[in-house]
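Shown next, in structure tokens, is the structure this report addresses.
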There are 2 protein chains.
Amino acid sequence: MQTPLLKPAITAADRVLLEIQRAIVEGDITAGSKISEPELAKRFDLSRAPLREALARLERCHLIERIPNAGARVVKLSTQGLLSLYQLRETLEGLACRLAAEHMADSEISELRALLDQHLSTQRVREGESYYQEAGDLDFHYRVILGSKNEYLINILCDELYHLVRMYRVQLGMNGPRVSRAFDEHKAILNAIANRDGELADLLMRRHIAASRRNIEKQLEQTGT
Amino acid sequence: MQTPLLKPAITAADRVLLEIQRAIVEGDITAGSKISEPELAKRFDLSRAPLREALARLERCHLIERIPNAGARVVKLSTQGLLSLYQLRETLEGLACRLAAEHMADSEISELRALLDQHLSTQRVREGESYYQEAGDLDFHYRVILGSKNEYLINILCDELYHLVRMYRVQLGMNGPRVSRAFDEHKAILNAIANRDGELADLLMRRHIAASRRNIEKQLEQTGT
DNA sequence: TTTAGTCTTATTGTCGACAATATTGGCCTT
DNA sequence: AAGGCCAATATTGTCGACAATAAGACTAAA
């Protein structure tokens, strides 16, 4: 059974939302640039009404910033923003792990274990191809978050912060060599969840994200400044 | 200096948002009821365009739930929802306290202390009047959250979860006798922040919110079931 | 030359109407 | 009589145009 949680973009506003989201995350629309409603409407060939709906949701996930009567700008990436974002992720995904250890069904856990093994093998085949690793990493986190069974937590992490995290990763070029270590950490987290040890799962996830943050920061000070 | 962080509702969509928010929180629009766009548009005497903008933001703060092409319903209160919400608040406001202990300026701390003393005195005068206590309580939490200086955290707690918390409190009739104890707990939290003891502040805030949650649960099982 | 003010221009916010989709009621079939 | 199918209705999604506001250019005065 495929997870039916991602609605397949029924309305036009949904479709254009996905397109713009991708464009912003991948830097196709430059960070910090001003957004022109008429221009985007023409570019995606629809009216301003659904476009504005999409912009409202983009603001919700912190990809753009709007000022009333003034317009919208694509968010600018900053060290401060990255720090704030990962601070929050540490706490929230830690909580997600603790709750997942309580609420995940045994079947979900074994599915997740299968997924990890699968990722490991495909990763061995495609060494260096960071895209798959990235997708796999996000998938793991995604499932744990869903396993928390807390609707608000799921909404915040999967709908609101998810794309911004991806934006930082993509635009800072995170193809780092942290791949194999991340796998081990995922495995350890999963074991804690399987043992219903929420406290340990929480701790391990916080460490895992902190390590990821330090990794990005290192990348940042090499590239930038 | 008054905090200029709440924009004074420039646009029509902003105004109607505030009105509908209040109406939902205070039960003027029944929980679980269906929302009719034409009806609300007529009721507030504006077009559907700004109304839909308002509805989008209401969905963002979990006061309504929308289904594409089907419509929107006011959220229903449930024990499960309350639990999820307070679970999240415990963690998030705990984090806010820890960060506030790091980032709040001394001036902000003394202002907050003054505010607490003021609340205490006015509360002694107006014993039983729960409204002021409620406002004061929210104000304290609000300031601590702002003190965290984490934009994402602030956004989540103040913009997205705040009104839902109020909705639970109002509609479950929270005028409880937890008043004086809450004051003491606030004081203790503030002291920890002033001592720059983030860990303690975190712990105390989590306990504070857990106590508040148990209080509401007790209220709930008296009223409901 | 700088600065203040005004006017032009462009963008956002709002409106009413149309198109597409879901819901409701009635009708027919079994 | 019950259940399913279809039409009628109502509601949502989308469109193009207008109004209100902000940004930018140009002029004029210090």
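Labels below follow one simple rule: chain letters A, B, ... track the order of the sequence lines, proteins then strands, and each chain is numbered from 1.
- A donor-acceptor pair under 3.5 Å is formed between the side chain of A:E108 and the backbone N or O of A:A105.
- Across the interface with DNA chain D, nearest-nucleotide mapping of A:A13 and A:A70 shows A:A13 to be the residue nearer the 5′ end.
- Ring-plane geometry between A:H208 and A:H186 is classed as perpendicular, the angle between the planes exceeding 60 degrees on a 0 to 90 degree scale with a lower cut at 30.
- One finds no salt bridge joining A:R73 and A:E65 here, because no Lys/Arg side-chain nitrogen approaches an Asp/Glu carboxylate oxygen to under 4.0 Å.
- A rotation axis mapping the C1' atoms of four pairs onto the next four is fitted at both ends of the helix from C:dT1-D:dA30 to C:dT30-D:dA1 over five pairs, and the angle between these axes is 10° to 10 degrees.
- Take A:H62 and apply the ring pair (Phe, Tyr, Trp, His ring centres under 6.0 Å) test, not counting sequence neighbours, and it matches B:Y152.
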Chi angles and distances behind the side-chain contact (heavy atoms from CB on, under 4.5 Å) call for B:L83, B:R213: CA-CA 8 Å; B:L83 219 62; B:R213 186 203 64 216; 4.1 Å; yes

With side-chain contact (heavy atoms from CB on, under 4.5 Å) as the criterion, how do B:S212 and B:Y86 come out once you've worked through the C-alpha distance, each side chain's angles and the decisive distance to 0.1 Å? CA-CA 9 Å; B:S212 172; B:Y86 270 70; 3.8 Å; yes

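- Side chains of A:L17 and A:L55 form no contact here, defined as non-hydrogen atoms less than 4.5 Å apart.
- Checked by atom type and distance alone, the side chain of B:D202 never pairs as donor or acceptor with a backbone atom of B:C97 at under 3.5 Å.
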B:I145 vs B:L92, test: side-chain contact (heavy atoms from CB on, under 4.5 Å). Steps then yes/no. CA-CA 9 Å; B:I145 292 164; B:L92 286 179; over 6 Å; no

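- Side-chain atoms of A:Q171 come within 3.5 Å of backbone N or O of A:I24 as a donor-acceptor pair.
- Judged by distance alone, with hydrogens and angles left aside, the side-chain atoms of B:R196 form a donor-acceptor pair with the main-chain N or O of B:A101 at under 3.5 Å.
- Nucleotide D:dA23 holds its P atom 9 Å from the CG atom of A:N69, rounded to whole Å.
- Of all nucleotides in DNA chain C having an atom under 4.0 Å from a heavy atom of chain B, the first and last in 5' to 3' order are C:dG13 to C:dA22.
- Atom NZ of B:K42 has 12 or fewer neighbouring heavy atoms from other residues, nucleotides or ligands inside a 6.0 Å radius.
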Between side-chain atoms of residues 25-33 of chain A and protein atoms elsewhere (two or more places apart, or another chain), which donor-acceptor pairs fall under 3.5 Å?
residue, atom, partner, partner atom, Å
A:E26, OE1, A:R22, NH1, 3.1
A:S33, OG, A:T30, O, 2.7

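- Residues from residues 30-40 of chain A that place a heavy atom under 4.0 Å from any atom of DNA chain C, listed by number: A:K34, A:I35, A:E37, A:P38.
- Residues from residues 44-55 of chain A with heavy atoms under 4.0 angstrom of DNA chain C, sorted by number: A:R48, A:R52.
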